[in-house]
Amino acid sequence: MSAAGTRTEASVPSPSPISHLPVPVSEADLSRLWQDQTFPPEALTTVDGERLRVIYRGRRTGGPGPDFRDALIAARGAMLRGDVELHVRSSDFRRHGHHRDAAYAGVVLHLVFRDDDRSATVLPDGGRALVVALEGWVEGRSREIRRWLERPALWREPCLSAVARTGIPAVGATLDRLGDMRFRAKASPFARRLATEEPEEALWRALIEALGYGGEQETYRAIALRVPWRRLRKAMLEAPAAGRAAAAYGLLAAAAAALPAARARASRPANRPESRLQGAAALAARFGEMGPLACLEGALEHGQGGGTKTDSGDNTAISRARISNLNPRPQQASRLDAKAISAMLSLLTVPGRIGRSRAVELLANAVLPCLAAVGPEGRARRVEALYARLPLPARYGAVRHLHEAAGRAVRVDFRRQQGMLYLLRQHCTQGGCGRCPLS
């Protein structure tokens, strides 16, 4: 302990002599026990003897970060709101490097089987999480633990029975409605931007910001502000056609280098900053002659993905004509929508840099909201129809529980997963379980 009572790296205790002894449960067993809440309430007692009570056990994430998020736990004289981390041994928290990972700063409960650290779990910000060790309570009762695991769950989120209670069409319609609300919420800021900003500039900035996935949005927003479209386009048009992507990359990389260094993260090659900026530079060169909005308007109207020299910025095959058929007949709409989506995704895909799944995200989060805001009203309706047809690029880990609720019976596309994100942010993370539209 330091003088302030915070454990430092130098004072981290060495492993307990019992650390190597076998344990009768696995981390998967602990996860299931916590998920189903099938252990007796008296088992939830901290190593200091404090009894806890679970109000909401949180959402199982299944990805990086704590095992369960947004839990509510009643402690002595306080209501704890935060995350729950599970380990077989308490020393695993440090062994896995969680004490240095800011993602674990919100942990309020460290549930373990064996407390071999024999001290509080210290978080990255110096705070402490309560430790509950089951070993003291279940010592010699591994067979009883097995019986807990065989019991049916005592509680499930109401959304998990939504399909059985309301039917497949009703669940799908609810997710569609909430997904549309998410889309309109994305289009609204564009409408405000367009009062003071050129449409081409607004769309380009949105595209760059959308490349800042994985918690990097603020960094890429700063890059877009330092290198606005007008400046970038001028530099590209002054360069030879074959060198426009390189000219754009030089400006973007210089802007990124001037920003405060971000904490390095392990990632796949395509997700590294230089790769993302190379993808952005390729898009800039592709849009250089006409601008991103005009190019994508052409794709929306004619289903054209550009000329044969897109990497050099030669897009003479893309028409800048106005939208002439905003309300196609119903029998034509499906074919026209699919053609337009394919054309715009082709424009947004850069081999080796921006894959098709990421292109779907760019289309949904930047291009379509901007086109809807630019108008006119007829095109805004057409754009919403395209949004409703976008494929699911990948399942988001944060809404895994809602995918489980939908099951295989409910088809989930991009719009419906956006509806799940609405539920997550408006209900699941706000203590609103049991009051959401699927409850």
Side-chain angles (χ1 to χ4, degrees), residues 179 182-183 186-187 190 200 202-214 216-217 220-221 223-224 229 245 248-249 252 267-288 290-313 315 317-318 336-372 382-396 412-418 421:
R182 284 268 298 173
F183 178 77
K186 294 175 191 289
F190 277 102
E200 298 286 357
L203 177 55
W204 176 250
R205 181 148 64 96
L207 286 169
I208 294 296
E209 290 177 12
L211 287 173
Y213 50 89
E216 300 289 344
Q217 191 175 42
Y220 283 77
R221 179 178 291 120
I223 292 172
W229 172 251
Y249 178 72
L252 295 171
S267 62
R268 295 179 298 172
N271 289 340
R272 292 171 184 162
E274 60 271 21
S275 183
R276 298 192 206 186
L277 293 179
Q278 287 165 359
L283 291 181
R286 188 172 292 173
F287 300 145
M290 294 165 47
L293 182 63
C295 289
L296 288 155
E297 282 179 334
L300 173 64
E301 180 182 1
H302 299 291
Q304 294 177 189
T308 59
K309 299 181 181 179
T310 54
D311 288 336
S312 66
N315 287 281
I318 302 177
L336 290 173
D337 288 351
K339 187 176 181 182
I341 288 171
S342 177
M344 287 191 281
L345 289 179
S346 294
L347 276 175
L348 296 169
T349 300
V350 178
R353 297 290 180 262
I354 301 175
R356 195 163 183 84
S357 292
R358 182 54 48 188
V360 172
E361 300 280 357
L362 295 178
L363 181 59
N365 294 312
V367 176
L368 294 183
C370 183
L371 289 172
R382 172 88 195 284
V383 164
E384 287 201 22
L386 294 184
Y387 170 78
R389 291 180 56 86
L390 289 180
L392 183 69
R395 288 190 172 199
Y396 300 152
V412 178
D413 53 18
F414 188 93
R415 174 170 65 162
R416 288 181 175 179
Q417 184 162 252
Q418 290 294 302
L421 282 176

Mind checking side-chain hydrogen bond (donor to acceptor under 3.5 Å, both in side chains) for Glu361 and listing every partner two or more places apart, or none if nothing turns up? Asn365, Tyr396

Does Glu200 reach the main-chain N or O of Ala294 with its side chain, forming a donor-acceptor pair under 3.5 Å? yes

Glu384: salt bridge (Lys or Arg N to Asp or Glu O under 4.0 Å) partners, not counting sequence neighbours: Arg184

With no hydrogens and no angle check, is any side-chain donor or acceptor of Ser342 less than 3.5 Å from a backbone partner on Ala338? no

Sequence neighbours excluded, which residues qualify as side-chain hydrogen bond (donor to acceptor under 3.5 Å, both in side chains) partners of Arg415? Asp176, Asp180

Could I get the full list of side-chain hydrogen bond (donor to acceptor under 3.5 Å, both in side chains) partners for Asp413, not counting sequence neighbours? Arg411

For Trp229 and Trp204, take the angle between the two ring planes, folded into 0 to 90°, and tell me which bin it lands in: parallel under 30, tilted 30 to 60, perpendicular over 60. tilted

Taking salt bridge (Lys or Arg N to Asp or Glu O under 4.0 Å) as the definition, give me every residue that meets it alongside Arg205, ordered by chain and number, with sequence neighbours left out. Glu197, Glu209

Could you pull out all residues at least two apart from Ala248 that satisfy side chain to side chain contact (heavy atoms under 4.5 Å, CB included)? Leu232, Met236, Ala281, Ala284

Apply ring-ring contact (aromatic ring centres under 6.0 Å, His included) to Phe183 and list each qualifying residue two or more places apart in sequence or on a separate chain. Tyr387

Rounded at 0.5 Å granularity, tell me how far CG in Leu296 sits from CG in Leu371. 6.5 Å

If we only count heavy atoms from C-beta on, is the Leu363 to Leu386 side-chain gap below 4.5 Å? no

Is any side-chain heavy atom of Pro273 less than 4.5 Å from a side-chain heavy atom of Tyr220? yes

Please assess Leu211 against Leu362 for the test side-chain contact (heavy atoms from CB on, under 4.5 Å), listing each intermediate value before the final yes or no. CA-CA 8 Å; Leu211 287 173; Leu362 295 178; 4.2 Å; yes

Got a sec, which residues hit side chain to side chain contact (heavy atoms under 4.5 Å, CB included) with Ala206, two or more places apart in sequence or on another chain? Phe190, Arg193, Ala366

